[in-house]
Each structure stands twice: as structure tokens, then as C-alpha cells.
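Excluded from the calculations below are hydrogen atoms, water molecules and symmetry mates; all remaining heavy atoms, backbone and side chain alike, are included. Residue numbers begin at 1 in each chain, while the letters A, B, ... track the order of the sequences.
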Amino acid sequence: MNTSNSTHSSAKSDSSTSVEPLEQRVRRLEQEKVALEQQIEALRLEQALWNRSTLAADLPKEAPLDPLPKVEKLSNLEIARYGRQLILPNFGIQGQMDLRNCAMLVVGAGGLGASCALYLGGAGVGRLGIVDHDTVDISNLHRQIIHNESRQGMPKAESAAISVRMLNPLCQVIVHNLVLDSSNAQPIINAYDIVIDATDNAATRYLLNDACVLGGKPLVSGSALRFDGQLTTYNYRGGPCYRCLFPTPPPAETVTNCSDGGVLGVVPGTIGCLQALEAIKIATRMNEHDPPTMTLFSANSSTMFRTIKLRKRKPDCIVCGDSPTIDKLIDYVQFCGSSATDKTPDLFLIPFQERLTCKAYKSIYDRRTPHVLLDVREKVQFDICSLPSSINIPLKNLPEHIDEIKDQLGPQQDRPVYVVCRRGNDSQPAVKILQEYGITRGEIKDIVGGLEKWSDQIDPDFPKY
Amino acid sequence: MATKDTLQIELQFSGGMELLFDNQKTIQADVPAFFPIVTKDTDTNQQERHAATIRDLIAWTSIELLKERPELFIGDDGSVRAGILVLINGADWELEGELEYELQDKDEIVFISTLHGG
Ligand SMILES: [Zn+2]
């Protein structure tokens, strides 16, 4: 072939001056056509899946949980798709086969689950289950990049499944649109080989731990808040379970959720990527003899990553120890004293009739009755939005700034003080503190539902965050 | 070798623990090398003392360094509250004897609050 080509080469180059650029253009246009057709196909798929998911009646109530059918070899399509992984030494065809024959469950399609599920789907995991009970909200999208603007209101598990299918139709995605609890968790966990904890609350973390110990599944656990993230694999090759490390749940008041504490979007994204990585390492038995560790990520430290050596499984652990006392799932909401969602519960420290509704405060405001409006949110929140004429003293600094309030109480020191915060929780202990200091002869009340209610009921232009 | 009265300990706080310490992630602390043994008869000037342990460090830290809400740091039993992991020189404190570990000069002790968000 080569020799015959070379004999024709001179004749060919004569005519190529006009033909070849045109041929190149045709090839480029053909490629563009294929790309555009693929885009249309992807959009059709998204449309179809979206329509299907809005017709809830079409969806099976229980996702199928038959064992994942194992394959003996990869198809040419798979070889083409995963080529860059296949040529990796220490991964290769065996690693890809291991992924292809593995069923993984991502619990939580939020900030951690978003990057984790996309990378696992893209990498070629054979079956990927996604659990979430929540729906897509605009405030999720800065970090939960598996969802998008047009899917607001759609179940997160559905939306995540669509994105993974669009990325890699070869990955079988199973949607579990439900709240995981002790009544349903065990059979779901048992149907998978590796479980990824991408949840957002303590109760579900203990639930997943116990279910994974009882079902004998490794648990790749991630968490993130503010600028910090943590990553550990539990219940794997003689390492500890979550309870070995944390036998007692933290007091509910010490647990901060992303909605109250804030979180930089890329922080859970980073931890989610690492969770995908750890799950792939387990499935392919990479580094399987490494001792158990916890990886700490601190985005605003000079040393961003730190890996620490962890204890082994504790023989006296009540779930994974030598004589466990937990042999089936318990009530984790009760155990943790907190709910299985990351929503902030309403606080009822002060009887309702001793508080002000937003409407009642509005009429005080409109009548221009002299009063002090005290906003006890953190300054960073006060800077986002505040009511006119309110003064800002964060709750935790209140005792040492009492004099600033006294200065506002008028000649008779009898002006009423009204306290407001984001949701009407922090304002209640603030009222108690002000009462203890006996600062005014007037009344001290707080506003039920805080500024979020104010936005809902009084002023729709007041921003919510 | 003369025994020193204080040990130089690097304390680190992460996972939100730093919020209790005025947002300081690292504090270089001079911790007493010995603590008195509390006995029933306290008549002596020459009180018995023992080498400082992590248990002493937790109590000392909450008195000397903590800025707010001690209940978010220390538990009823004198240990850290549930949900805090302690590292001694980069390893889980369980591997080093937990509360009874005797502090050494230049030790690095990290207090990490577990995170639950995602
Ligand atoms: Zn355990």
C-alpha cells in the first residue's frame, strides 16, 4: 500500500490545491452535523425524561432492585468511551470491568452528590442508584451543578438521573425519590455494592452507617460546610464505622446546616469528587491495604488537604463490634434529637400570644410609634438586607452591647423593643436576654417568622437568601 | 535534664471549632507541664502533681482560651463533647491513649468538629 501510494503522490498533489480544502470543509461540516444531531438527541432525551417525571403516574413506585447482570467483556462502544482510563496502568480493562459490574448508591443529590454522581456515571459504573426526597430550588444551584435552572421544582433524584443519563447513557441510573429511613433503608442498601453518604444531616448519617454495617457494605462518607470538608471510608477492611469514631450523636444545637452556616459551592463539589474517587478505588481494589484515614479539606487554609490516620474497628462498638447490641435499624431521628432533613426547625421558646406577627409589626411601623427595632442576625447577613431603622447587634454579642440599646430608649427609657432575625428563631433567646437585663419599661417582643415571613406576607420585594 | 514548667503546644481548630476561639485556626499555647492531683485533704503546700495529659489540656483550654459557649467544646465527663475528634500529632487520639495521653513539648493537638452538611 505504502509503495503504491508514493507513486501516485505527485499526481495527487497537483489537483489537491482546489479539491482538498473543499473536502476538508465537507468533513468539518459533517462532524458539526453529527455534533448538532447529538445535541438535538440530548435535548430530546432531556425533554422526554422531564415529561415522564412530571407524569408521576408513569413511574414505578418501587425501583427495580434485581441484581445487576454481570458482563464478561466490554463492548466496542465501551472501549471507545473509556479508552483514556483503559490505558492506565493499574486500572486497565480489569478496572473498567470492575466498575461496569458494580452497583453504587449515592444517597443525597445535593452539593456532594452532584459531582460524585456525575463522575461515577461518567467513569462507567454499571448501575448508579440516586436517593433524594427533595426538589430542586434556585438556592441549590451554586453548588448542586447536576441540576439546572429549568428543573426547579423537579425531584432532585430525577434531575440527577437525567444529567447522568445525558452524560453517559451506558450507565443504568435508578431513581429513589424518597426519604431514607429505618423502614425502607435496608433492602435498598443491600441491593448495592458500595454506598456513598452524600447526605446533609446527622440522623441519616447514623442510619446509613448502621445499614451498611448490617448489610456488609463499605460506606464512603463526605461532608461539607462553609470552607471545610471531610472524607472518610467507613466499614471497610477492618477500619472503623461511623459509630466507632462517634458513638454519641452531637447535641442537636451544635449541628449547623448549609442553609444557616453557608457553604462555598466548590467545597462540597471537591469532596463529592473525592468520594467518587474513593468509591472507584474500592470497586477496583486499588490501594486496598491502605490503613483507614480521614481526609480534611480546608479551602481557606494554607494547607488545604490533610490526611490523618484513624483507629481500627472498635471491638466494643455497639454495631460493628464483637458483640453488637444493634442488630436492626433504630429510630435515628429520636437517637439524634434532630430531623432527617437539613431544614431548620422552628423554635418555640416564647408563647405565640407574647410575640408579634409581621402584620402587627407593620401597623406599628406605619403608625410611626416610637420603638427600637433590633436585628440580631450576624453582620454578614444584615449586610445583605435589613429593615429601615433597624439596629444590628448579633445574638452572641448582645450582652456586651446592651448600652447601645439603652441609648435608643428615649427620655423615659420606655420605648418598646422589637427583635427580628432571619426566621424567628434567634429572636426568641434575644428577647429572654433583654428581659434578664430589664432594659426598658416598655414591652419587649420578637417578630414571628422573622424577615422570611416579612418577605412572604408584607413586602415581596424584600430579598430572601 | 531540667524539667520545664510549661510545654509548648500547638493547638489547631477545624470544622467550625475555630468559631469558638475567636476564629483562630492555630494557637501556640504555653501549657503547664504539671497539674495538681486533686485529693480530699488539701492541707499540703507540697501538693502532689502529675504530668499534663490531654484531659488537663481540655480543661485548661476551655478556661484559658475558649471565647464562648463552653458546652460546645467540653462535655460533662471532662472530655470533649460528642462530635469532636481529637488528633495527636496527626493521628486519631484513640491510637495514642485518648484522655490519658501525656503531653510532650511541641505536640500538635487538633480539635475537629464533625460536619454534617452536604
Ligand atoms: Zn463501629
Side-chain angles (χ1 to χ4, degrees), chain A residues 107-108 110-113 143 197-205 222-226 228-230 232 240 242 244-251 253-263 267-268 271-272 292-294 296 298 300-302 306-312 314 336 338 342 396, chain B residues 10-28 54 58 62 66-101 107-118:
Chain A
V107 185
L112 300 163
R143 65 187 190 282
D197 182 348
T199 62
D200 56 14
N201 64 85
T204 312
R205 289 182 185 278
S223 57
L225 187 71
R226 301 189 184 97
D228 290 343
Q230 296 169 354
T232 322
Y242 191 58
C244 291
L245 237 52
F246 305 107
T248 317
E253 66 272 20
T254 67
V255 177
T256 310
N257 60 32
C258 290
S259 144
D260 288 347
V263 63
V267 171
I271 298 295
T293 57
M294 177 185 278
L296 307 171
S298 189
N300 58 359
S301 279
S302 51
R306 184 160 185 190
T307 297
I308 56 164
K309 223 176 121 191
L310 285 184
R311 66 194 73 175
K312 292 195 167 46
K314 289 191 88 169
C336 292
S338 62
D342 73 336
K396 65 173 185 184
Chain B
E10 178 168 321
L11 298 171
Q12 295 182 14
F13 306 99
S14 99
M17 288 302 335
E18 66 276 14
L19 298 177
L20 301 179
F21 294 89
D22 230 4
N23 245 326
Q24 301 176 86
K25 291 203 147 201
T26 306
I27 298 178
Q28 303 291 346
I54 288 279
I58 292 168
S62 75
L66 196 63
K67 299 291 180 198
E68 54 181 294
R69 293 180 290 178
E71 72 280 8
L72 299 189
F73 179 69
I74 196 163
D76 298 334
D77 55 354
S79 185
V80 285
R81 69 144 168 91
I84 296 177
L85 185 65
V86 183
L87 307 183
I88 300 172
N89 299 321
D92 183 354
W93 68 333
E94 224 277 319
L95 302 168
E96 307 286 340
E98 287 200 5
L99 287 168
E100 309 314 325
Y101 170 82
D107 270 351
E108 179 203 88
I109 311 292
V110 187
F111 296 95
I112 306 164
S113 179
T114 48
L115 304 175
H116 299 91

Visitor: Check each atom of B:L85 against the heavy atoms of chain A and say whether the ones under 4.5 Å are side chain, backbone, both or neither.
Guide: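 Looking at B:L85, backbone and side chain both touch chain A.
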Visitor: Is chain B contacted by the side chain of A:S298, its backbone, both, or neither, given a heavy-atom distance below 4.5 Å?
Guide: side chain
Visitor: Top residue by heavy-atom pair count (under 4.5 Å) with chain B, among A:Q230, A:R226, A:K309?
Guide: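 Sorted descending by pairs with chain B, the first entry is A:Q230.
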Visitor: For B:E18, is it the side chain, the backbone, both or neither that has a heavy atom under 4.5 Å from a heavy atom of chain A?
Guide: side chain
Visitor: With a 4.5 angstrom heavy-atom cut-off, which part of A:R311 approaches chain B: side chain, backbone, both or neither?
Guide: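 Answer is both: backbone and side chain atoms of A:R311 are under 4.5 Å from chain B.
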Visitor: Could you look at A:L296 and say if it's the side chain, the backbone, both or neither that has a heavy atom under 4.5 Å from chain B?
Guide: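 Side chain only.
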Visitor: Check whether A:P249 gets within reach of chain B through its side chain, its backbone, both or neither, counting any heavy atom under 4.5 Å.
Guide: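 Answer is backbone: N, CA, C or O of A:P249 sit under 4.5 Å from chain B.
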Visitor: Keeping the roles fixed (side chain from B:D77, backbone from B:S79), state whether a donor-acceptor pair exists under 3.5 Å.
Guide: yes
Visitor: Go through the side-chain N and O atoms of A:D197 and A:Y242 and say whether any donor and acceptor fall under 3.5 Å apart.
Guide: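 Side chains of A:D197 and A:Y242: no pair found under 3.5 Å.
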Visitor: Parallel, tilted or perpendicular: which fits the ring planes of B:F21 and B:F73, with parallel below 30° and perpendicular above 60°?
Guide: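 The rings of B:F21 and B:F73 stand perpendicular, inter-plane angle above 60°.
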Visitor: By a 4.5 Å heavy-atom criterion (distance strictly below it), what part of B:S113 contacts chain A: side chain, backbone, both, or neither?
Guide: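 For B:S113, the contact with chain A is made by the backbone alone.
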Visitor: Taking every heavy-atom pair that is under 4.5 Å apart, which of A:P250, A:G222, A:G113 has the most such pairs with chain B?
Guide: A:P250
